[in-house]
There are 2 protein chains.
Amino acid sequence: MAKRITNNIRRLRFDADEMTQQMLADVVGVSRQTIVAIEKGKYSPSLEVAFKIAEYFNVPLEVVFQYQ
Amino acid sequence: MAKRITNNIRRLRFDADEMTQQMLADVVGVSRQTIVAIEKGKYSPSLEVAFKIAEYFNVPLEVVFQYQ
DNA sequence: ACATCATGTCAAAAATTTTATACATGACTT
DNA sequence: AAGTCATGTATAAAATTTTTGACATGATGT
């Protein structure tokens with residue numbers, strides 16, 4: 001029953017002209033390690049970082065992150 | 001220019017039959033202080049807590065939290 | 001007046017997220 | 001073969017979120 005948070009960051013990055021982790025980290029204002037950890041699902045990010053990522057890709061937050 | 005995260009938790013609580021902070025904290029699985037802090041905007045919650053709150057109220061995350 | 005309840009606040013500890021460094025690997029280029 | 005680039009991993013420190021416990025206030029009820 002324990003729901004998990006998944007994400008499509010990797011796919012969104014590749015759709016966005018093969019953007020690198022470092023580029024995304026820079027535009028979002030976090031370290032590359034943070035992007036790596038979130039992509040790999042090591043932990044779920046803060047709501048603020050989540051919103052920033054969604055804003056950058058120009059999609060609703062739920063397109064980037066799913067709670068299922 | 002710095003965007004902020006706002007929320008409608010208080011209104012959603014009252015719409016939900018005047019639910020108390022403690023009741024929401026219990027169903028979401030956090031402490032009442034966490035609800036107080038988020039409601040008052042002391043800090044933005046983790047994405048997981050945000051999703052749990054939205055799930056409880058049965059609305060999309062963006063109905064509870066706005067990035068503006 | 002007294003008790004109860006919901007909310008607000010405060011402070012310190014615990015837990016989690018984020019950063020900073022460093023190093024390893026495979027893919028690609030020259 | 002050597003160099004560069006993107007990614008993965010690891011660890012400790014820093015920053016932020018969350019908990020715990022305690023106390024104050026105003027509103028409500030008895």
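Reminder, nothing fancy here: chain letters follow the sequence lines and each chain counts from 1.
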Side chain of A/V30 only, heavy atoms from C-beta on: which candidate in C/dG8, C/dT19, D/dT18 is closest?
C/dT19
Under a 4.0 Å N-O cut-off, is there an ion pair linking B/K3 with A/E48?
no
Base D/dT16 to side chain A/E48, donor-acceptor N/O within 3.5 Å cut-off:
no
In whole angstrom, give the distance that lies between atom CG of B/L24 and atom P of D/dT18.
13 Å
Could you give the CD-to-P distance, from A/Q22 to C/dT18, as a whole number of Å?
16 Å
Is the backbone N or O of A/I38 less than 3.5 Å from a side-chain atom of A/N7, with the two atoms forming a donor-acceptor pair by type?
yes
For A/T6, is there any backbone N or O sitting under 3.5 Å from a side-chain donor or acceptor partner on A/Q68?
no
Is there a side-chain polar atom (N or O) of A/S46 under 4.0 Å from OP1 or OP2 of C/dT18?
yes
Close side-chain approach of A/S44 and B/F51, heavy atoms under 4.5 Å:
no
Separation of D/dT18 C1' from B/K40 NZ (nearest whole Å)
19 Å
Distance, rounded to the nearest Å, where B/F14 contributes CZ and C/dA6 contributes P
11 Å
What contact category does A/V36 fall into here, base, sugar-phosphate, or nothing, at under 4.0 angstrom with non-hydrogen atoms?
base
Does B/T34 reach a base, just sugar-phosphate, or nothing at all? Heavy atoms under 4.0 Å.
base
Looking at D/dT7, I'd like to know if its phosphate oxygens (OP1 or OP2) sit under 4.0 Å from a side-chain N or O belonging to A/R13.
yes
Quickly work out the B/E39 CD to C/dT9 C1' distance and round it to whole Å.
14 Å
Select base, sugar-phosphate, or nothing to describe what B/K42 touches, counting heavy atoms under 4.0 Å on all strands.
nothing
Can you figure out which of C/dT7, C/dT19, D/dT19 approaches the side chain of B/Q21 most closely?
C/dT7
To the nearest angstrom, the OH-P distance between B/Y43 and D/dT18 comes to 5 Å
Sort out for me which residue in A/I9, A/D26, A/I35 forms a side-chain contact (heavy atoms from CB on, under 4.5 Å) with A/Q21.
A/I35
Starting at CG of A/N7 and ending at C1' of C/dT17, how long is that distance when rounded to a whole Å?
15 Å
Has the side chain of B/Q33 got a donor or acceptor atom sitting under 3.5 Å from an opposite partner on the base of C/dT9?
yes
Nearest-angstrom distance from the residue atom CD1 of B/I5 to C1' of D/dT16
13 Å
Between D/dG8 and A/R32, counting only base atoms on the nucleotide and side-chain atoms on the residue, is there a donor-acceptor pair under 3.5 Å?
yes
